[in-house]
Number of protein chains: 2
Amino acid sequence: MRGKPTLRDVAARAGCSITTVSNILQGRSHLYREDMVEQVLRAGHELGYRPNSVARSLARRRTATIGVVLDPQHARLTHNLYAHDVLDGILAFLEPRDYDIRLITPRTNDPAAVWRRIDNGSIDGAVLIAPVMGSPLLEWRCYSRLPVVAVGSTLPDEYGVSCIDIDNETAMATLTEWVIQQGHRAIGFIKGHPLHWSAHQRERAFRRTMALYNLPVREEWMLQGDYSPESGVRAAEQLLRQSELPTVVLAANDDMAMGFLQHCRTLEIAVPDRISVAGFDDSVWVQRMGIPLTTIHHDRYQVGYLAAQRLLHQIETGDAHPQRTLINGVLVVRQSVAMGYALASATTPQPTYSTEGGSRS
Amino acid sequence: MRGKPTLRDVAARAGCSITTVSNILQGRSHLYREDMVEQVLRAGHELGYRPNSVARSLARRRTATIGVVLDPQHARLTHNLYAHDVLDGILAFLEPRDYDIRLITPRTNDPAAVWRRIDNGSIDGAVLIAPVMGSPLLEWRCYSRLPVVAVGSTLPDEYGVSCIDIDNETAMATLTEWVIQQGHRAIGFIKGHPLHWSAHQRERAFRRTMALYNLPVREEWMLQGDYSPESGVRAAEQLLRQSELPTVVLAANDDMAMGFLQHCRTLEIAVPDRISVAGFDDSVWVQRMGIPLTTIHHDRYQVGYLAAQRLLHQIETGDAHPQRTLINGVLVVRQSVAMGYALASATTPQPTYSTEGGSRS
DNA sequence: GACTCGCGTGGAAACGCTTCCATAACCAAC
DNA sequence: GTTGGTTATGGAAGCGTTTCCACGCGAGTC
């Protein structure tokens, strides 16, 4: 016996067949006499036998591994804190079930090549992290029948992919509504990256809520961003040189809100005294820096956890029904938005307003 | 043919043997006539054949996968920015070589169980992320002959593990020296987590450098921390209520330095006017928050890149020689340390001082 | 015309495991 | 003594590749 011991070696040492060893080592020892069981276990232990998981996967046609796939768009993991949080949730669900994770970071936009990397028998299913519009990851059906769950993007139904994500529309509506109820009427908006569905969903909810309150959306206050802090700075530059300013700006994510805040600091514009700012995501950066940014929080860990759960369900039952799970965002009120602003004028009729998701820190 | 097409299916369609298909698909087409090659490629393409990587791994006895193993101590990935940066470097090296990554997060301290998870044939080698003292990961030799490289911990030779890490001692010596050259004489220190080798290395370098300059190390200014921001706060509490204070405090990492800074802000103690602070790591948090913390920077991405390189070398050549690679830290001078402090008294003889690692941001 | 040689191709044995099914031995029942 | 039913164990066929080696054949050499 050279190299790592195999079933054969254990069987030889225990004086039985490999079937017997295999069965006993898989916990089917009730089939055998006690002394046999004991002999086999002892032999295995003495040899330091460890089942070869590759061979096992081949025989079982299951790898007990799931892939976590980053979109080629943001293939760099660094500072992708969203992926981290989600990954933690996935791990939490997977570990007790003895599943492992394979990290896949395609670096091309050719869907055939991407799916060759993903669906080559090495994983039982995949979690797609925040696929964007036009991503090769979404050319899924042509190339693969692998169970798949997407997180961080609420995909339109036609993609036929299960997704787990924050309920962007409801959350942004909640935030907008809350801002309005604080008395704000002149509201600006920094849009997210146009390739992200979330950007459109957040913008749409904003516009709808404004309409609901009969408030005008002024297009010169709708700034195009791309979810990066720098684009928040640019938005601030563009907005703050206008003669007429909104009293509050909603950024489609925290990063842009922070860029905006930064530029305000540069210009020595007091927040929230001269202008209010709100974000979206309750990013870890904001939390950790202790920036008092009013924003929407959601449990990214839970997103990962649910994704893993859903994926395993799909794998085990073969159920391929795409299913959308939206989790609630929670309004986190901090100090970046002036409250009770111009209350006198806040006499718009009260709409039905879900009290859920109230402030907490 | 049900399920995914296999070599057999392709061979049947191309009217040849599976050997032929296998050879051609592996690029050994020079062995065959052109028309054969073309037929096989066409058949493969038409069937959408993708080699099963599990079967391939079994036959080749190589998985083309390396494991990235987190220490059970910090099995949560979240906010482990170090792991992120390193992972990115690893990925950068591995991707062009068609290696994949398996993420392994053991959750127990039983070394046998841990190594069963790691060395079960599913990976060709492992990168251990910052193993701490007493980690089951380091009980390596008893359980496995897998090629292994550690990063983020400079392990003592007896572990027989290759490691790639910042040169903690040199970097901390550089920092200490620089602080002394700014005129500081009364210097405090916040120690890192006692289970991390780096903590001891950094402390040792500090003490040695102080001795080199004949400066006393006052034990009441040596605060015990654990690398967390909170422990930096506690250290500040402990230090700042003393009647006599150092003019500068070196924290063994940036997180603790930030905790320290935070407490200074709470107490309205001006930095660096009333007390100076330096960190170590140039953590992404500090960078991103724009905190003007003087610190030591090193290229964590490069650490990952080198680790992957080294690991692949070990895998491919079978070379098991443990080899230590220390990369240079770079002093980053920002504004948290008062410079030219009490220059009048700074008349200690100039030591040999490497000018490398000058300030940059 | 027997010999070698290279070329193109295929057979078949691994790789290490799982699992279906057969077998053998034993006992009880008729 | 045949049957039937347990119980304990082993044989062997996969799983989908890779790879070593052998085979048949036509061309070149003596």
Side-chain angles (χ1 to χ4, degrees), chain A residues 1-41 43-44 47-65 98 116 119-124, chain B residues 1-41 43-44 47-65 98 116 119-124:
Chain A
M1 181 198 89
R2 32 188 322 90
K4 289 175 58 171
T6 71
L7 269 191
R8 278 168 76 119
D9 302 316
V10 180
R13 176 173 257 255
C16 64
S17 73
I18 63 169
T19 305
T20 305
V21 179
S22 175
N23 277 328
I24 290 180
L25 261 34
Q26 284 179 82
R28 277 188 276 276
S29 29
H30 59 277
L31 296 173
Y32 297 89
R33 284 206 319 270
E34 269 200 22
D35 50 339
M36 178 85 273
V37 172
E38 201 185 318
Q39 253 177 51
V40 166
L41 293 179
L47 292 174
Y49 171 74
R50 287 197 295 278
N52 178 314
S53 70
V54 172
R56 171 173 289 179
S57 296
L58 184 59
R60 284 202 185 146
R61 264 143 299 185
R62 281 186 54 245
T63 60
T65 298
D98 274 316
R116 190 161 26 217
D119 185 13
N120 54 16
S122 63
I123 58 177
D124 296 335
Chain B
M1 181 198 89
R2 33 189 320 91
K4 288 175 57 172
T6 73
L7 270 190
R8 277 167 76 116
D9 302 316
V10 179
R13 176 172 256 255
C16 64
S17 75
I18 64 170
T19 305
T20 304
V21 179
S22 176
N23 278 328
I24 290 179
L25 261 35
Q26 284 179 81
R28 277 189 277 277
S29 27
H30 59 276
L31 295 173
Y32 297 89
R33 284 209 317 272
E34 269 203 21
D35 52 338
M36 178 86 272
V37 172
E38 200 186 318
Q39 252 178 52
V40 166
L41 293 179
L47 291 174
Y49 170 74
R50 285 197 296 276
N52 178 315
S53 71
V54 172
R56 169 173 291 180
S57 296
L58 184 59
R60 286 201 184 147
R61 265 143 298 182
R62 282 186 55 247
T63 59
T65 298
D98 274 317
R116 192 163 23 221
D119 185 14
N120 56 15
S122 62
I123 58 177
D124 297 334

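A, B, ... follow the sequence lines: proteins, then strands. Residue 1 opens every chain.
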field: Shortest non-hydrogen separation from B:S122 to B:T63 and the atoms involved
entry: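 Taking B:S122 first and B:T63 second, the nearest heavy atoms are O-OG1, 3.4 Å.
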Nearest whole angstrom, please: distance from the [atom2] of [N] to the [atom1] of [X].
X     : N      : atom1 : atom2 : result
A:R56 : D:dG16 : CZ    : P     : 18 Å
B:L58 : D:dT19 : CG    : C1'   : 13 Å
B:R8  : D:dC15 : CZ    : P     : 7 Å
B:N52 : D:dG14 : CG    : P     : 17 Å

Under 4.5 Å between any side-chain heavy atoms of [X] and [Y], yes or no?
X     : Y      : answer
B:L25 : B:P51  : no
B:V54 : B:L58  : no
A:R56 : B:N120 : no
A:V21 : A:Y49  : no

task: Please report the C-alpha distance between B:M36 and B:C16 in whole Å, then the side-chain angles of each, then the deciding distance to 0.1 Å, and finally whether the side chain to side chain contact (heavy atoms under 4.5 Å, CB included) criterion is met.
output: CA-CA 8 Å; B:M36 178 86 272; B:C16 64; 3.7 Å; yes
- request: Could you check whether A:R62 gets within reach of a base, just the sugar-phosphate, or nothing at all, counting any heavy atom under 4.0 Å?
  value: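 Nothing, no heavy atom under 4.0 Å.
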- prompt: Is A:D9 reaching over with its side chain to a backbone N or O of A:T6, donor-acceptor style, under 3.5 angstrom?
  reply: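 Judged by distance alone, yes, a pair lies under 3.5 Å.
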query: Taking it one step at a time, do A:T20 and A:S17 satisfy side chain to side chain donor-acceptor pair (under 3.5 Å)?
result: CA-CA 5 Å; A:T20 305; A:S17 73; 3.1 Å; yes
field: Leading and trailing nucleotides of DNA chain C with any atom under 4.0 Å from heavy atoms of chain B
entry: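 Span of nucleotides near chain B: C:dG8 to C:dG16.
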Scan nucleotides 7-10 of chain D against the protein and return all N/O pairs shorter than 3.5 Å with their distances rounded to 0.1 Å.
residue: D:dA8; atom: O3'; partner: A:R33; partner atom: NH1; Å: 3.4
residue: D:dT9; atom: OP1; partner: A:R33; partner atom: NH1; Å: 3.2
residue: D:dT9; atom: OP2; partner: A:R33; partner atom: N; Å: 3.2
residue: D:dG10; atom: OP2; partner: A:S17; partner atom: N; Å: 2.9
residue: D:dG10; atom: OP2; partner: A:S17; partner atom: OG; Å: 3.4
residue: D:dG10; atom: OP2; partner: A:T20; partner atom: OG1; Å: 2.8

message: OP1 or OP2 of D:dT17 versus the side-chain N and O atoms of B:S22: is any pair under 4.0 Å?
response: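 No, B:S22 has no side-chain N/O under 4.0 Å of OP1/OP2 on D:dT17.
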